[in-house]
Amino acid sequence: MKKQNNKNLFNKVYKIVRDVPKGKVTTYGDISMRLSSEVGVPSKRWARMVGFALHANTDSHTPCHRVVNKEGRIAPGFAFGGPDEQRKRLEAEGVRFLDRTHVDLQKHAISIHSS
DNA sequence: GATCTGACTATCT
DNA sequence: AAGATAGCCAGAT
């Protein structure tokens with residue numbers, strides 16, 4: 001056994017993202033906090049890994065479009081084929097957009113603390 | 001094995 | 001308030 005922790009980290013990200021209900025969005029910060037719970041450290045350190053994990057798995061069946069940064073902003077243009085695509089998906093799920101790139105976190109940001 | 005990069009966040013200017 | 005810089009970790013080159 002060694003540091004398969006790292007892989008678990010990615011795996012957790014996918015799992016959490018998939019656990020996000022439709023019409024809801026989660027933030028890198030929240031996921032990071034969840035991960036930090038496992039490792040036992042403060043949050044923001046894994047924020048990048050979360051984004052990385054999603055980017056590494058974008059074409060997978062992971063609803064990365066439900067993952068936004070702490071501002072509720074979607075990916076600038078690296079996503080699926082354009083932030084417009086991601087926005088469309090979220091809107092289709094019932095997510096209210098405050099801006100072309102910002103979702104209504106106050107309404108859709110779910111906190112996935114403890115299972 | 002060393003260095004750069006990156007879908008982030010927080011802080012400083 | 002908006003832009004630039006720093007700090008973090010893991011992956012890719």
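Given the structure is predicted, the values throughout are model-derived calculations rather than measurements. Numbers restart at 1 for each chain; the letters A, B, ... are given by sequence-line order, proteins then strands.
- Counting heavy atoms from C-beta on, the side chains of I16(A) and L35(A) come closer than 4.5 Å.
- Taking 4.5 Å as the limit, every side-chain heavy atom of I110(A) sits out of range of all side-chain heavy atoms of V25(A).
- Running 5' to 3' along DNA chain B, contacts with non-hydrogen atoms of chain A at under 4.0 Å begin and end at dG6(B) to dA10(B).
- Looking only at side-chain heavy atoms (C-beta outward), R18(A) and P63(A) come within less than 4.5 Å of each other.
- In this structure, NE2 of H55(A) is placed 22 Å from P of dC9(C), rounded to the nearest angstrom.
- Rounded to whole angstrom, the span from the CD1 atom of I31(A) across to the C1' atom of dC8(C) amounts to 17 Å.
- Atom pair L35(A):CG and dA10(C):P shows a separation of 11 Å (rounding to whole Å applied).
- For the pair W46(A) CH2 and dG11(C) C1', the computed distance is 13 Å after rounding to whole Å.
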Listed pairs under 3.5 Å, donor-acceptor, residues 90-99 of chain A side chains, sequence neighbours left out:
unit_1, atom_1, unit_2, atom_2, d
E93(A), OE1, G23(A), N, 3.3
E93(A), OE1, R66(A), NE, 2.9
E93(A), OE2, H65(A), NE2, 3.1
E93(A), OE2, R66(A), NH2, 3.3

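- Of all the residues in residues 88-97 of chain A, not one reaches under 4.0 Å from DNA chain C with any non-hydrogen atom.
- Atoms CG (D99(A)) and P (dA2(C)) sit 11 Å apart, rounded to a whole Å.
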Worked check of side chain to side chain contact (heavy atoms under 4.5 Å, CB included) between K12(A) and R34(A): CA-CA 9 Å; K12(A) 284 173 190 301; R34(A) 188 92 149 47; over 6 Å; no
Polar atom pairs between nucleotides 5-7 of chain C and protein, under 3.5 Å, N or O only, would you list them?
unit_1, atom_1, unit_2, atom_2, d
dG7(C), O6, R48(A), NH1, 2.9
dG7(C), N1, R48(A), NH1, 3.3

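- Shown here are the side chain to side chain donor-acceptor pair (under 3.5 Å) partners of R87(A), two or more places apart in sequence or in another chain: D84(A).
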Show, in sequence, the C-alpha distance, side-chain angles and deciding distance for L105(A) and T27(A), and conclude whether the side chain to side chain contact (heavy atoms under 4.5 Å, CB included) test is met. CA-CA 9 Å; L105(A) 276 182; T27(A) 67; 3.8 Å; yes
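- The shortest distance between side-chain heavy atoms of R73(A) and V68(A) does not fall below 4.5 Å.
- Note: W46(A) CH2 to F52(A) CZ = 14.0 Å, rounded to the nearest 0.5 Å.
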